[in-house]
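Structure record follows, encoded as structure tokens.
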Amino acid sequence: MAKKGKRSWVNTPPTSEVTPPVETRQALLPFEQISWQDFERLCHRLVRLEANIEDSKIYGTQGDEQDGIDIFARTTTSEKYRVYQSKNEADFAPAKIKAAVDEFVAGEWLAKSDTFVLCTRESLRSAVRVTAVEEQVQVLKAKGVSFLTWDQEELSLLLKAQPEIVDDFFGRAWVRAFCGDEAADLLGTRLDAVEVKKLRSELFSIYSRVFNMHDKGIPLDDALPLSDRFIVPDVEDKQSLLAQSSNEGSVSEKSNEGGQDTKEDQKQKSSSTTKRYSQRLPIENWISRSSKNLLFGDPGSGATGGPERPEPGAGTAAGRQRRT
């Protein structure tokens, strides 16, 4: 009987209460795993979501003199621009923070901007980086410009409520890990970054075979593939920017009624000038920059039937006129 009692004690259900394991969401996104072009596009998508942004555009292309900015935006609250510098670089030490601000200060955008936002893939929250940021805050404050940072933590915070953007750049698995299962399920059958890349690759293969089959060109023994028979054109991208200028003048008024003395009124007259610039861009880069494009060209230039490709998940932007 004693032996039986011991066996009963061994088989008695445990009485301890054990806390179940907690599966926490990822707090930060792996920005270091996307290209600098995608990082810039990601920042631009976030710029467009800001409440008081009227319009925004990518400024320049690789190799251009960009005066320390990558994106400029018009706001509904100021006559000046809000500009952004995208830095998808490792080891973003204090020297790089200072260099980014120095480049902006030396350029033409300083005079027509009221906010400069530095976007980095790394955290800027270590003691030395915070100190460097605060030093540059004071530098730009003295010039009438606010200095903000979108680092790894800030960008991740902004993207927490944007599962579609996370889906476009990082894939569905990261939506689940970062935004949660519910947000991922709401995306339904929407193609994520991995599936879109696969689809584009397969479409390119199909179209290449079809066009090479039906457009053989000049009958030669060694016919060239279609991709080697045509040159992808560049376009001349023409932009117009509104620059503010002011001139001070004095207006004198004299009244003879009641023997009043002469009064001097100082009035400030503001005027605006439009600055135009153009840049040569590969047509593929130009098409991908906006959800609406308008292409002009002389007969034979290939402008007829120019393609339109919306940026995935992006809101509608104002049409822009371009000229080949």
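This one's a predicted model, so the numbers in the text were calculated from it and none came from an experiment.
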Practice item. Decide yes or no on side-chain contact (heavy atoms from CB on, under 4.5 Å) for R190 and R172, but give the supporting numbers first. Key: CA-CA 9 Å; R190 185 180 190 273; R172 191 64 49 85; 3.9 Å; yes

Exercise for review: Could you please spell out the steps behind the side-chain contact (heavy atoms from CB on, under 4.5 Å) verdict for F169 and R45?
Suggested key: CA-CA 11 Å; F169 289 91; R45 292 275 294 275; 3.6 Å; yes

Practice item. Using the side-chain contact (heavy atoms from CB on, under 4.5 Å) rule, take L29 and L155 through it: C-alpha gap first, then chi angles, then the decisive distance, then the call. Key: CA-CA 9 Å; L29 287 165; L155 287 170; over 6 Å; no

Practice item. Take S123 and E153, measure what side chain to side chain donor-acceptor pair (under 3.5 Å) needs, and give me the verdict at the end. Key: CA-CA 6 Å; S123 173; E153 286 88 355; 2.9 Å; yes

Exercise for review: In sequence, state the C-alpha distance, the side-chain angles, and the governing distance for E154 and T149, and then conclude on side-chain contact (heavy atoms from CB on, under 4.5 Å).
Suggested key: CA-CA 8 Å; E154 184 65 23; T149 57; over 6 Å; no

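When atom types are taken as modelled, the side chain of K80 and the backbone of L110 share no donor-acceptor pair closer than 3.5 angstrom. Between the side chain of T131 and the main chain of A127, a donor-acceptor pair closer than 3.5 Å is present. The backbone N or O of G68 sits less than 3.5 Å from a side-chain atom of Q85, completing a donor-acceptor pair.
The local environment of NZ in K96 is crowded, with over 12 non-hydrogen atoms from other residues, nucleotides or ligands closer than 6.0 Å. Counted within 6.0 Å of CD on E182, heavy atoms from surrounding residues, nucleotides or ligands total 12 or fewer; the atom is thus considered open.
The shortest side-chain heavy-atom distance between R176 and D185 falls under the 4.5 Å cut-off. Here the side chains of E89 and R121 are not in contact, with every heavy-atom distance at 4.5 Å or above. You'll find the side chain of R74 reaches within 4.5 Å of the side chain of K57, heavy atoms only. Considering only heavy atoms from C-beta on, R82 comes within 4.5 Å of I53 through its side chain. When side chains are defined from C-beta on, F178 counts as touching S156, because their heavy atoms get closer than 4.5 Å. With a 4.5 Å cut-off on side-chain heavy atoms, E164 and L187 count as touching. Counting heavy atoms from C-beta on, the side chains of D168 and L42 never come closer than 4.5 Å.
Residues passing the ring pair (Phe, Tyr, Trp, His ring centres under 6.0 Å) test with W150, sequence neighbours excluded: Y84.
If you run ring-ring contact (aromatic ring centres under 6.0 Å, His included) between W109 and each of F116, F104, Y81, only Y81 comes through.
In terms of hydrophobic clustering, with Ile, Leu, Val, Met, Phe, Trp and Tyr side chains grouped at heavy-atom distances under 4.5 Å, I71 and L49 are assigned to a common cluster. Cluster annotation: V101 is not connected to V130 through the hydrophobic network of ILVMFWY side chains, with a link wherever side-chain heavy atoms come within less than 4.5 Å. Y207 and V196 fall within a single hydrophobic cluster, where Ile, Leu, Val, Met, Phe, Trp and Tyr side chains are chained together by heavy-atom contacts under 4.5 Å. V139 and L124 fall into different hydrophobic clusters, where Ile, Leu, Val, Met, Phe, Trp and Tyr are joined by side-chain heavy atoms under 4.5 Å apart, directly or via other members.
Separation of atoms NE2 (H44) and SG (C119) is listed at 11.0 Å; rounding is to 0.5 Å. Interatomic distance, Q162 CD to L46 CG, rounded to the nearest 0.5 Å: 7.0 Å. Atoms CZ and CD, on R129 and E122 in that order, are 5.0 Å from each other to the nearest 0.5 Å. With values rounded to the nearest 0.5 angstrom, E134 atom CD is found 9.0 Å from F147 atom CZ. K198 contributes atom NZ, which lies 11.0 Å from atom CG of D192 (distance to the nearest 0.5 angstrom). L28 contributes atom CG, which lies 11.0 Å from atom CG of L159 (distance to the nearest 0.5 angstrom).
The minimum heavy-atom distance linking S86 with E40 is given by the pair OG-CA, 3.6 Å. K87 and A100 get closest at one heavy-atom pair: CE-CB, 4.5 Å. Contact between D167 and L191 at its shortest, heavy atoms only, is OD2-O, 3.8 Å. For the pair S113 and V145, the tightest heavy-atom approach, listed with the atom from each and the gap, is O-CG2, 3.5 Å. Between P163 and V175, the shortest heavy-atom contact is O-CG2, 3.7 Å.
By the 30° and 60° cut-offs, the orientation of the rings of F39 relative to F31 is perpendicular.
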